[in-house]
Amino acid sequence: MILTVRDLLLLLVVAVLLSLSYLTIKYAKASGTHFRSYGAYLFEARGRSQSLASNAGAVFSVTYFFGATFIYGMVFGAWIRIMTVFVFVAVTALAIYVTSQIDTSNGRAADSNLLLAFFAKKLEPNDFRTVVRIFTIIYFALLVEELAVSRLVLHALTRQPIAVAFLLTTICFVVYTYLYLGGFRAVVTADSVQIIVLILFLLMLVVLMREYTTPSDLLWRHLDRQRPMASLNLAGAGIFGISWFMPAVDFYSRLNFSGRARGSETTGFIMTSFAVTGTVMLIGALFGDCLASHLAVTSPSDYVFKAIRFFVDESPLVAFIFIGGLFSMIFTTIDTLLLLNLQVGYYQQRRWFRRENLLNILLAAIVISTAMSFDATSAVGIFVGSCMVFPTLMLARLLWPKAFVILPETPMYLMAAMVLSTGVFVVNFQWIENRFDRHFLLAILTLCAAIGCGVTFNGWQAAARAVARRRSDKTLEKK
C-alpha cells in the first residue's frame, strides 16, 4: 500500500525530531556526569542566548499556543491583541521589580531557583512548604493536561489509536532520557535547538496570513461589538496572563544565566525575553483571528481536527513545517513541565518529586491524562493555569505588604481557596466546558476565591484575638 503524502511527512518529521533528540541525549549523557550536586543538576545555568531562546520557546506549547492563542484570537479578535500588549508591558515591569528585590534579598542564589529561594527566605518554613505544595499541585496538573492535549493532537493527526500510543510513548521516553541524564541544561539545550522550528512555524503563519486575509481585515475586528460577559472574560484573560508569568518558576530558572550581573544586564534580558515572547503570542493571536473566517469553534476536539486539516491540506511544505511544529511543541512543553515538577520538588520536605522518581511521575501523569476527555482539555487547562493566581498573590503580599494588607501573611488560606475554586469549577463544568467566551472567567473565580478566603481568614484571626483579649481582661479583673 502506497503511503499518503501526509503519512510520509509525518514519518519524515518524526525521523528529524528523533535525530535531534538523539543529539540532545548524547550531549546530556556527555555532560551529565559533571554535575557537582543535585542542585546543579536542576538549576545549573546555560548562557544568555540559550536562556533567551528557551524563554521564547516556552510559550511554544500545544495548549497555550496552538490551542489558547489561536482559539482566543478567533473569539476576541483585536481585543485579545490589545490585552496581550497590556499584559506583557505589565509583566515586564513587574518582573524587573521582582528580580531587583530577589537579587537584593538572595544574591546570586547559585544552584537554586531565584523565585523559590526568595520565598524560602521570606516565609516561615511551614508557610514556605505550603507555597511549594501549591506549585507542585499546579505543575503536576499542567503536566497531566498537556499530555491529554498531546493525545488529542496526535489522534487528530493520525486517526490511529495505536499510532498515538506509539508516538506519545516515544516522545515521553526521549524526554525522560535526556532530562534524566542532563537536567536543566539538557532542557535548555533542547529548547535552543527547537527554536529553529519555532521561527519556521512563525514565518509560515505570516505567509499564510498574507494569503488568506489583509491587515485591514484583522486590525479592528470585534472592537465594535464587545458584550458585558465578553468584557468580563477579557478582563479575566488579563488576570490570567499576569498571574501566569509573574510567578513562573521556569522563567526565574532561565533568568539566572551564566555570568549574569545585576542591574542593566538583567533588565535588558527581561525586556528582550518578554518582547520576543509577546511577539510570538501576538503572531499566534493574529493568525487565530485569520482562522476565524475559515473555522467554526464549537469544541476543543472539533477545533483541533479542523485546524489540523486546514494546515495539512495546504502545500507539502506547509504541512511539513506544521507537523514539525506540533511535535516540537509537545517535546518543549513536556520537558519543561517535568523539569518544573523536579525543581519545585527540590524544595519539598520529603522530596517525592525528584530525579529518582522521574519515571514514576511521568507514568502517573500519563495514566491520569487518559481519563480526561478531549473536550475537557481546554477548560481544564485554563482553570489550572488560573490557579497561578495563588502564588502570584503570595508574592505580591511579600513585595507590597501595605497594599495587600487585607490578605494574611500565611499562605494557608490559598489552599482553602484552591479547594473552594476547584469545587465551583467542577459544579459549573458543563456550563463552561465548550464556551470559549467564558473560559477566562475562571481566572476571576480563582482571584475572588483567594481574596474571599483571605479576608475571611483575617477576620477569623481578628475575632480570635478579640476573644482572647476579653478572656485575659476578665482573668485580670478576678485577680
Side-chain angles (χ1 to χ4, degrees), residues 4-21 24 56-71 73-74 142-143 145-161 163-175 190-191 193-208 280-281 283-285 287-288 291 295 300-337 366 369 374 377-378 381:
T4 64
V5 173
R6 185 187 67 175
D7 293 335
L8 288 171
L9 289 172
L10 182 60
L11 289 173
L12 181 58
V13 169
V14 171
V16 171
L17 288 174
L18 287 179
S19 298
L20 293 175
S21 300
T24 304
V59 297
F60 198 45
S61 158
V62 173
T63 299
Y64 293 106
F65 187 77
F66 177 68
T69 306
F70 281 16
I71 288 174
M74 297 171 67
L142 285 173
L143 176 61
E145 188 268 343
E146 187 67 28
L147 288 166
V149 174
S150 299
R151 180 167 54 91
L152 166 60
V153 168
L154 292 175
H155 177 71
L157 189 62
T158 65
R159 307 296 180 97
Q160 297 292 331
V164 172
F166 171 77
L167 289 172
L168 192 55
T169 301
T170 302
I171 290 170
C172 290
F173 173 76
V174 170
V175 170
D191 292 346
V193 171
Q194 293 179 40
I195 198 70
I196 299 171
V197 181
L198 170 60
I199 293 172
L200 289 175
F201 194 90
L202 293 177
L203 289 175
M204 177 194 72
L205 296 184
V206 172
V207 171
L208 289 177
V280 171
M281 299 296 285
I283 292 174
F287 188 79
L291 278 180
L295 303 181
S301 58
D302 180 64
Y303 156 74
V304 170
F305 278 93
K306 289 182 178 179
I308 287 179
R309 175 54 55 190
F310 173 84
F311 285 103
V312 171
D313 287 345
E314 286 289 326
S315 67
L317 178 60
V318 169
F320 176 78
I321 295 173
F322 171 72
I323 295 172
L326 279 184
F327 277 94
S328 181
M329 291 179 202
I330 295 173
F331 272 100
T332 300
T333 313
I334 291 177
D335 66 17
T336 298
L337 290 172
I366 292 173
S369 71
F374 287 156
T377 54
S378 185

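For the numbers below, each heavy atom of this structure counts, side chains included, while hydrogens, waters and symmetry mates do not.
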Engineer: Return the orientation label for the Phe65 and Phe201 ring planes: parallel under 30°, perpendicular over 60°, tilted otherwise.
Structural biologist: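 Perpendicular, since the angle between the ring planes exceeds 60°.
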Engineer: Got a second to check how far Asp335's CG is from Ile330's CD1, nearest 0.5 Å?
Structural biologist: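 Those atoms lie 12.0 Å apart.
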Engineer: Once ring pair (Phe, Tyr, Trp, His ring centres under 6.0 Å) is applied, do any residues pair with Phe66, and if so which ones, sequence neighbours excluded?
Structural biologist: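 Residues passing ring pair (Phe, Tyr, Trp, His ring centres under 6.0 Å) with Phe66: Phe70, Tyr303, Phe322.
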Engineer: Evaluate His155 against Leu152 for side-chain contact (heavy atoms from CB on, under 4.5 Å), listing each step before the verdict.
Structural biologist: CA-CA 5 Å; His155 177 71; Leu152 166 60; 5.5 Å; no
Engineer: Run the side-chain contact (heavy atoms from CB on, under 4.5 Å) check on Leu208 and Phe311 step by step: do they pass?
Structural biologist: CA-CA 10 Å; Leu208 289 177; Phe311 285 103; 3.8 Å; yes
Engineer: Taking only residues two or more places apart in sequence or in another chain, which ones pass side-chain hydrogen bond (donor to acceptor under 3.5 Å, both in side chains) with Thr332?
Structural biologist: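 Residues passing side-chain hydrogen bond (donor to acceptor under 3.5 Å, both in side chains) with Thr332: Gln194.
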Engineer: Just verifying a value: how many Å separate Leu317 CG and Met204 CE, rounded to the nearest 0.5 Å?
Structural biologist: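 These two atoms lie 9.0 Å from each other.
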Engineer: If you take all heavy atoms of Leu142 and Leu337, which pair is closest and at what distance?
Structural biologist: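 The pair with the smallest heavy-atom distance is O-CD1, 3.6 Å.
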Engineer: Donor-acceptor check, side chain of Ser328 to backbone of Gly325, threshold 3.5 angstrom: yes or no?
Structural biologist: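 Not at all, since once roles are kept as given, no pair shorter than 3.5 Å links the two residues.
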Engineer: With heavy-atom distances below 4.5 Å as the criterion, would you say the side chains of Leu167 and Phe327 are in contact?
Structural biologist: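 Side-chain contact under 4.5 Å: yes.
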Engineer: Yes or no on side-chain contact (heavy atoms from CB on, under 4.5 Å) for Ile323 and Leu157, after CA distance, side-chain angles and deciding distance?
Structural biologist: CA-CA 9 Å; Ile323 295 172; Leu157 189 62; 4.1 Å; yes
Engineer: If you take all heavy atoms of Leu202 and Val280, which pair is closest and at what distance?
Structural biologist: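 Shortest heavy-atom separation between Leu202 and Val280 comes out as CD1-CG2, 3.8 Å.
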Engineer: Between Ser150 and Leu168, what is the shortest heavy-atom contact and its length?
Structural biologist: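 Closest approach of Ser150 to Leu168, heavy atoms only: CB-CD1, 4.0 Å.
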